[in-house]
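Report on one structure; see the data block that follows.
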Amino acid sequence: MKKIAVFTSGGDAPGMNACVRAAVRSAIYNGVEVVGIIRGYKGMIEGDFQPLSSHSVSNIIQKGGTILKSARCEEFKTKEGRAKAYDQLVKNGIEGLIAIGGDGSFTGADLFLKDFDIPTIGCPGTIDNDLYGTDYTIGFDTAVNTALDAIDKIRDTADSHDRVFMIEVMGRNSGYIAVQSGIGGGAELVMIPEYQTTSEEVIHALSKGKENKKASSIVVVAEGKVAGRVHDIAKDVKEALPHFDIRVSTLGHIQRGGKPSALDRILASRMGVAAAEALLNGRKNEMVGIIDDKIVFTPFSDAISKSKPLNDDLVKMVNVLSI
Ligand SMILES: Nc1ncnc2c1ncn2[C@@H]1O[C@H](COP(=O)(O)OP(=O)(O)OP(=O)(O)O)[C@@H](O)[C@H]1O
Ligand SMILES: O=P(O)(O)OC[C@H]1O[C@](O)(CO)[C@@H](O)[C@@H]1O
């Protein structure tokens with residue numbers, strides 16, 4: 001392979017830049033030319049490519065977001081869209097791809113190989129940590145720390161005013177951020193998409209806390225699929241426990257930004273180097289992961305279809321620690 005391209009796709013995540021830097025430098029170290037595709041599959045379809053040198057990825061390891069920008073691109077989901085992207089790659093002499101993104105990005109890459117035989121290696125870049133084939137995804141650790149920092153600050157007000165705070169963290173389909181930030185933040189209860197928690201259970205837990213002389217409480221709620229669910233639950237609780245002073249706080253996209261943690265920078269760097277080496281060694285349509293501190297490769301088909309179960313011990317621990 002003489003020339004490869006790197007791109008970031010789906011939601012951005014802290015550490016994506018560290019991964020881009022590592023992939024680019026590893027490819028150049030191995031004598032291969034690299035271009036960056038701007039805005040993921042959208043840029044691929046539009047031919048928005050930029051040559052990347054070792055120097056052009058200097059001073060980005062510490063930056064949040066992605067210098068290559070990211071996008072969600074509907075057109076790539078069609079065969080016509082993928083055909084346009086393929087034409088652009090051929091026109092620019094690109095023979096292989098490194099995709100940094102989540103399950104959607106790898107679903108696209110998998111279809112792309114089936115249609116046009118373009119080899120891709122993926123690096124799991126998403127704050128959700130919901131990919132099978134790796135213990136952690138790039139951005140998750142930073143997102144948890146950001147959520148934790150916010151929970152600590154909100155706890156000050158909860159404590160000063162004897163309030164209940166329901167704090168919504170990210171994760172439409174995945175409760176990883178909620179469980180880890182809930183444990184780290186000392187939450188009384190964590191609500192996650194993997195388990196159905198009813199308003200009655202929340203009311204019960206908060207009443208029990210009051211009996212145990214708790215003056216304030218923190219409930220961490222993963223956003224889940226239904227927008228505004230946290231407000232509906234807060235309304236139910238307020239109706240059942242009118243003497244509770246309840247507030248809702250949605251942390252939102254602050255969890256996607258900011259300087260990557262040390263853990264994310266190192267994880268991303270290891271994955272970026274491994275991805276470039278794998279692509280140049282002829283591997284294709286696999287996601288790089290790190291399991292038990294070792295680099296592993298998982299076929300895209302498994303990474304996107306198999307689910308990585310939450311650690312039940314952690315989920316149970318929330319109940320034990322909240323008495
Ligand atoms: N079924 C599909 N077929 C072809 N391309 C797809 C498919 N699903 C997703 N993609 C492409 O991958 C892009 C990124 O996917 P998506 O928006 O789901 O984010 P993601 O990679 O899962 O990241 P995150 O977990 O951060 O949301 C899409 O915008 C689309 O261009
Ligand atoms: O920024 P957007 O496109 O609204 O996406 C939000 C979603 O992206 C993520 O941050 C990452 O997949 C989810 O946790 C969240 O549900």
Side-chain angles (χ1 to χ4, degrees), residues 7-16 19 37-46 48 64-66 68-86 88 97-116 118 120 122-134 136-144 146-147 167-181 192-194 220-230 250-258 264 268 285 287 300-301 303-305 307-308:
F7 63 99
T8 49
S9 168
D12 65 348
M16 276 185 164
C19 191
I37 303 175
I38 309 303
R39 295 189 182 79
Y41 292 121
K42 183 171 186 288
M44 205 184 286
I45 289 172
E46 291 168 359
D48 197 353
T66 158
L68 298 180
K69 298 188 176 280
S70 193
R72 301 197 197 265
C73 170
E74 285 304 309
E75 196 179 356
F76 196 77
K77 292 183 180 172
T78 65
K79 186 137 186 198
E80 297 72 40
R82 293 195 291 278
K84 283 189 204 166
Y86 177 71
Q88 294 286 5
L97 299 170
I98 294 178
I100 306 166
D103 56 344
S105 304
F106 302 154
T107 306
D110 208 30
L111 285 170
F112 204 31
L113 179 104
K114 282 179 189 134
D115 291 345
F116 299 107
I118 287 283
T120 304
C123 293
T126 168
I127 62 165
D128 290 347
N129 199 31
D130 58 350
L131 282 164
Y132 175 88
T134 190
Y136 295 107
T137 56
I138 297 165
F140 172 66
D141 182 65
T142 308
V144 169
T146 302
I167 304 174
E168 187 192 86
V169 297
M170 273 191 165
R172 243 171 237 161
N173 305 304
S174 156
Y176 275 95
I177 295 176
V179 167
Q180 296 231 353
S181 62
I192 50 177
E194 290 83 346
V220 174
V221 186
E223 61 181 331
K225 283 191 196 74
V226 186
R229 189 176 72 118
V230 66
T250 300
L251 302 188
H253 288 78
I254 61 160
Q255 295 157 95
R256 284 246 298 264
D264 270 329
N285 277 33
M287 184 193 84
F300 281 152
S301 52
I304 59 192
S305 65
S307 61
K308 181 167 69 176

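What you are looking at is a predicted structure, and each value in this text was computed from that prediction instead of being measured. Indexing begins at 1, ligand by ligand and atom by atom, following the structure's order.
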Nearest neighbour in protein (non-hydrogen) for atom 29 (O) of ligand 1: C73 N, 2.6 Å
Got a second to check how far Y132's OH is from S305's OG, nearest 0.5 Å? 9.0 Å
For K69, all residues meeting side chain to side chain donor-acceptor pair (under 3.5 Å), sequence neighbours excluded: none
Would you tell me which option among R82, M170, R72 has the nearest heavy-atom contact to atom 16 (P) of ligand 1? R72
As an exercise, state the distance from CG of N285 to CD1 of I118, rounded to the nearest 0.5 Å. 10.5 Å
Could you tell me whether G125 and ligand 1 have an N or O pair separated by under 3.5 Å? no
Give me the residue, atom name and distance of the protein heavy atom closest to atom 13 (C) of ligand 1. S9 OG, 3.6 Å
Under the side chain to side chain contact (heavy atoms under 4.5 Å, CB included) rule, collect the residues that match up with A85, sequence neighbours excluded. M44, I45, F76, F112
Which atom of M287 lies closest to which atom of A303, heavy atoms considered: SD-CB, 4.0 Å
With heavy atoms of G10 as the reference, note each atom of ligand 1 found under 4.0 Å away. 14 (C), 19 (O), 20 (P), 21 (O), 23 (O)
Identity and separation of the nearest protein heavy atom to atom 25 (O) of ligand 1: T126 OG1, 3.2 Å
Hey, is ligand 1 close enough to S105 that some N/O pair sits below 3.5 Å? yes
How far is atom 3 (N) of ligand 1 from the closest protein heavy atom, and which atom is that? L111 CD1, 3.3 Å
Give a yes or no on whether the backbone of T126 and the side-chain of T137 come within a donor-acceptor separation of less than 3.5 Å. yes
Donor-acceptor contacts, no H, no angles, side chain residues 167-174, under 3.5 Å, sequence neighbours left out:
residue: N173; atom: OD1; partner: K225; partner atom: NZ; Å: 3.3
residue: S174; atom: OG; partner: D128; partner atom: O; Å: 3.0
residue: S174; atom: OG; partner: Y176; partner atom: N; Å: 3.4

With I38 as partner, the option from T66, T8, D48 fulfilling side chain to side chain contact (heavy atoms under 4.5 Å, CB included) is D48
As a check for students: among K79, R172, K77, identify the option with a heavy atom nearest to atom 6 (C) of ligand 1. K77
Using heavy atoms and a threshold below 4.0 Å, how should the contact between I127 and ligand 1 be classified: side chain, backbone, both, or neither? neither
May I ask you to identify, for Y41, whether its side chain, its backbone, both or neither come under 4.0 Å of ligand 1 on a heavy-atom basis? side chain
Near G108, which atoms of ligand 1 are under 4.0 Å from a heavy atom of that residue? 4 (C), 5 (N), 6 (C)
Using heavy-atom distances, let me know which of G104, A85, A109 sits nearest atom 15 (O) of ligand 1. G104
Regarding ligand 1, does A71 bring an N or O atom to under 3.5 Å of one of the ligand's N or O atoms? no
R82 side, atom CZ; E80 side, atom CD - distance, nearest 0.5 Å: 8.5 Å
Identified side chain to side chain contact (heavy atoms under 4.5 Å, CB included) partner of F7 from the options I98, I100, L97: L97
Minimum-distance pair of heavy atoms, taken over all atoms of I138 and A13: O-CB, 3.5 Å
Count the heavy atoms of every other residue, nucleotide or ligand shown that sit under 6.0 Å from OH of Y136, and state whether that count exceeds 12. no
Protein residue, atom and distance nearest to atom 24 (P) of ligand 1, heavy-atom basis: G11 N, 3.8 Å
Before accepting this row, confirm whether a basic side-chain N of the pair E46/R39 lies closer than 4.0 Å to the acidic partner's carboxylate O. no
Heavy-atom distances under 4.0 Å decide this one: backbone, side chain, both or neither, for T107 against ligand 1? side chain
Check: every ligand 2 N/O to protein N/O pair under 3.5 Å:
residue: ligand 2; atom: 1 (O); partner: H253; partner atom: NE2; Å: 2.7
residue: ligand 2; atom: 1 (O); partner: R256; partner atom: NH1; Å: 3.1
residue: ligand 2; atom: 1 (O); partner: R256; partner atom: NH2; Å: 3.3
residue: ligand 2; atom: 3 (O); partner: R72; partner atom: NE; Å: 3.0
residue: ligand 2; atom: 3 (O); partner: R72; partner atom: NH2; Å: 3.1
residue: ligand 2; atom: 5 (O); partner: R72; partner atom: NH2; Å: 3.1
residue: ligand 2; atom: 5 (O); partner: R256; partner atom: NH1; Å: 3.4
residue: ligand 2; atom: 8 (O); partner: R72; partner atom: NH2; Å: 3.4
residue: ligand 2; atom: 8 (O); partner: R256; partner atom: NH1; Å: 3.0
residue: ligand 2; atom: 10 (O); partner: R256; partner atom: NH1; Å: 2.9
residue: ligand 2; atom: 12 (O); partner: D128; partner atom: OD2; Å: 2.9
residue: ligand 2; atom: 14 (O); partner: D128; partner atom: OD1; Å: 2.7
residue: ligand 2; atom: 14 (O); partner: D128; partner atom: OD2; Å: 3.4
residue: ligand 2; atom: 14 (O); partner: G171; partner atom: N; Å: 3.3
residue: ligand 2; atom: 16 (O); partner: R172; partner atom: NE; Å: 3.3
residue: ligand 2; atom: 16 (O); partner: E223; partner atom: OE2; Å: 2.4

Before you tell me yes or no, could you show the steps for N129 and I177 under side-chain contact (heavy atoms from CB on, under 4.5 Å), namely the whole-Å CA-CA distance, both residues' side-chain angles and the distance that decides it to 0.1 Å? CA-CA 8 Å; N129 199 31; I177 295 176; over 6 Å; no
